[in-house]
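Just below is one structure, and these are the notes that go with it.
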Amino acid sequence: MHWPRTVDRASLPLDAAIGRTIARVGRHGKFILIALDGGRTLAVHLRMTGRLLVAGRGERDAHERLTVGFDDGSTLRFADARKFGRVRLLDGDPKAELGAGIDALDPALDAVAFAALLARRKTPIKTLLLDQRRIAGIGNIYANEALFRARIRPRRRAGSLTAAERARLLRALRFVLERAIERRGTSVADYVDAEGLPGEFQNLLAVYGRAGLPCRRCRTPIKRIELTQRGTFYCPVCQQ
DNA sequence: ATCAGCACCTGTTGGC
DNA sequence: TGCCAACAGGTGCTGA
């Protein structure tokens with residue numbers, strides 16, 4: 001069943017993509033960027049349950065919301081059980097039009113740039129990590145995991161981190177994101193990648209979803225709190 | 001600037 | 001087995 005709201009309100013009409021060729025595929029933060037010849041870009045955000053799949057003829061997904069057909073008869077399908085995902089056709093620079101912050105894996109996000117992002121900010125560090133307009137690409141699972149690895153409490157005010165803590169956090173973010181990508185993501189429930197395969201990073205989670213279970217480092221039970229309506233997990237001993 | 005609350009949606013899970 | 005509430009990889013809006 002196709003779903004009209006899958007196309008973002010701010011999108012150019014998708015008709016403008018008809019007849020174009022895909023020039024390259026990239027990513028910025030959580031947006032998949034499909035650059036077309038002629039300069040426009042199709043940005044796809046999977047949100048919670050979206051999937052982008054290249055399907056063979058006849059294959060169907062129960063939650064198909066948008067289908068893109070190609071000259072050779074193949075199709076690109078956007079499926080999304082919860083209908084939160086969005087597709088948006090852009091005219092200019094995707095990063096600017098989407099209002100996204102620097103990508104968490106961008107080498108330009110160095111100690112100086114990271115310090116500038118955190119400076120004087122009173123918001124909890126975890127809330128800041130999830131703010132896509134400041135740093136793009138970190139979701140709830142990886143924010144929790146990186147803070148554990150950096151031994152920093154999620155509620156710490158961003159501006160209160162020492163230089164050493166900031167360095168640990170930046171390294172932890174890179175480490176966690178790169179390992180999760182290697183393992184093709186985290187399948188807590190039903191996530192599968194573009195090949196239809198579940199990820200394997202869930203086996204390596206240290207805190208996310210582990211409320212009450214022993215900390216992998218010190219055996220203290222992991223705590224669960226809520227921070228800006230998101231499940232937040234940490235070890236009360238290891239993380240200060 | 002910041003956050004709580006709610007909205008958007010459906011599927012799964014656990015308690016009774 | 002069935003019903004119902006709680007919860008979930010995310011984000012955007014309103015109002016305090």
Side-chain angles (χ1 to χ4, degrees), chain A residues 1-11 27-32 43-53 61-66 78-88 94-95 97-101 103-104 116-148 154-160 173 176-177 179-194 196-212 224-233:
Chain A
M1 198 38 192
H2 283 28
W3 184 249
R5 296 172 76 167
T6 297
V7 181
D8 193 279
R9 283 179 302 154
S11 178
R27 173 192 75 76
H28 183 91
K30 300 179 186 177
F31 288 98
I32 296 163
V44 180
H45 197 307
L46 304 177
R47 297 277 179 101
M48 301 281 269
T49 50
R51 298 177 190 181
L52 206 49
L53 303 163
D61 188 289
H63 305 296
E64 216 165 294
R65 308 301 181 199
L66 186 78
F78 182 74
D80 186 12
R82 287 179 73 179
K83 302 178 177 172
F84 286 163
R86 293 290 179 268
V87 164
R88 179 171 162 187
K95 181 177 180 283
E97 280 195 54
L98 296 168
D103 188 272
L117 280 172
L118 272 55
R120 294 176 299 284
R121 316 229 38 243
K122 292 181 184 168
T123 200
I125 183 60
K126 177 170 180 258
T127 302
L128 187 145
L129 293 179
L130 292 175
D131 184 347
Q132 304 299 306
R133 292 161 312 176
R134 299 187 185 277
I135 309 176
I138 304 164
N140 195 36
I141 293 175
Y142 304 129
N144 279 294
E145 294 298 308
L147 286 166
F148 172 79
R155 272 209 252 252
R156 285 280 302 283
R157 306 252 174 189
S160 80
L173 281 168
V176 166
L177 291 174
R179 296 305 270 270
I181 289 167
E182 279 170 18
R183 303 272 168 157
R184 304 188 329 280
T186 305
S187 295
V188 169
D190 52 13
Y191 168 78
V192 292
D193 67 12
L197 298 169
E200 288 176 354
F201 193 74
Q202 63 277 12
N203 304 317
L204 301 179
L205 295 176
V207 286
Y208 180 81
R210 303 193 71 243
R224 182 193 194 276
I225 59 170
E226 213 156 278
L227 214 48
T228 51
Q229 348 288 111
R230 312 301 303 279
T232 300
F233 304 85

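Numbered from 1 within each chain, the chains take letters A, B, ... in sequence-line order.
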Interatomic spacing from [atom1] in [X] to [atom2] in [Y] - rounded to 0.5 Å:
X	Y	atom1	atom2	value
A/Leu147	A/Tyr208	CG	OH	14.5 Å
A/Ile125	A/Arg157	CD1	CZ	12.5 Å
A/Tyr191	A/Gln202	OH	CD	10.5 Å
A/Leu130	A/Leu227	CG	CG	8.5 Å

* Presence of salt bridge, A/Asp103 and A/Arg27, under 4.0 angstrom -> yes

* Asked: Thinking salt bridges, do A/Glu226 and A/Arg224 make one under a 4.0 Å N-O criterion?
  ->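 Answer for the salt bridge query: yes.
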
* Asked: What's the base orientation of B/dG11: syn (chi within 90° of 0) or anti?
  ->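 Classified anti.
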
* To do: Give me the residues of residues 196-205 of chain A where at least one heavy atom lies under 4.0 Å from an atom of DNA chain C, by number, or none.
  => none

* Looking at residues 123-142 of chain A, who's got a heavy atom less than 4.0 Å off DNA chain C? ->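 Only A/Gln132, A/Gly139, A/Asn140, A/Ile141 qualify.
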
* To do: Starting from Watson-Crick (N1-N3 plus N6-O4 or O6-N4) and G-U wobble pairs under 3.5 Å, report the runs of at least three that DNA chain B belongs to.
  => B:2-8 with C:10-16, B:10-16 with C:2-8

* Just call it for A/Arg9: base, sugar-phosphate, or nothing, with non-hydrogen atoms closer than 4.0 Å on any strand. => sugar-phosphate

If you measure from the [atom1] atom in [N] to the same atom in [M], how many Å do you get, rounded?
N	M	atom1	value
B/dC6	C/dC7	P	14 Å
C/dG10	B/dA1	P	24 Å
B/dA4	C/dA8	P	16 Å
C/dG9	B/dG14	P	16 Å

* Does atom CZ of A/Arg184 have more than 12 heavy-atom neighbours, drawn from other residues, nucleotides or ligands, at distances under 6.0 Å? -> yes

Quick check: does any side chain N or O of [X] sit under 3.5 Å from a backbone N or O of [Y], one acting as donor and the other as acceptor?
X	Y	answer
A/Glu145	A/Val207	yes
A/Glu64	A/His2	no
A/Asn144	A/Ile141	no
A/Thr6	A/Leu66	no

* When you match A/Leu98 and A/Gly231 each to their closest nucleotide on DNA chain C, which lands nearer the 5' end? -> A/Gly231

* Asked: Judged by modelled atom types alone, do A/Tyr142 and A/Thr186 share a side-chain donor-acceptor pair under 3.5 Å?
  -> yes

* **A/Lys126 versus A/Thr232, side-chain donor and acceptor atoms under 3.5 Å** => yes

* **Protein-to-nucleotide contact annotation, 5' to 3' order, nucleotides 6-13 of chain B [B base; S sugar-phosphate only; - none; under 4.0 Å, heavy atom]** => --BBBS--

* Within a strict 4.5 Å, meaning less than it, do heavy atoms of the A/Asp8 and A/Val87 side chains meet? ->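 No - every pair of side-chain heavy atoms lies 4.5 Å or more apart.
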
* Heavy atoms, side chains only, cut-off 4.5 Å: are A/Arg121 and A/Leu128 in contact? -> yes

* On DNA chain C, reading 5' to 3', which nucleotide is the first and which the last to sit with an atom under 4.0 Å from a heavy atom of chain A, could you check? => C/dA8 to C/dC13

Indicate every side-chain donor-acceptor pair of residues 45-52 of chain A with a distance under 3.5 Å to a residue at least two apart or in another chain.
| from | atom 1 | to | atom 2 | distance (Å) |
| --- | --- | --- | --- | --- |
| A/His45 | ND1 | A/Arg47 | N | 2.9 |
| A/Thr49 | OG1 | A/Asp80 | OD1 | 2.6 |
| A/Thr49 | OG1 | A/Arg82 | N | 3.1 |
| A/Arg51 | NH2 | A/Asp190 | O | 3.2 |

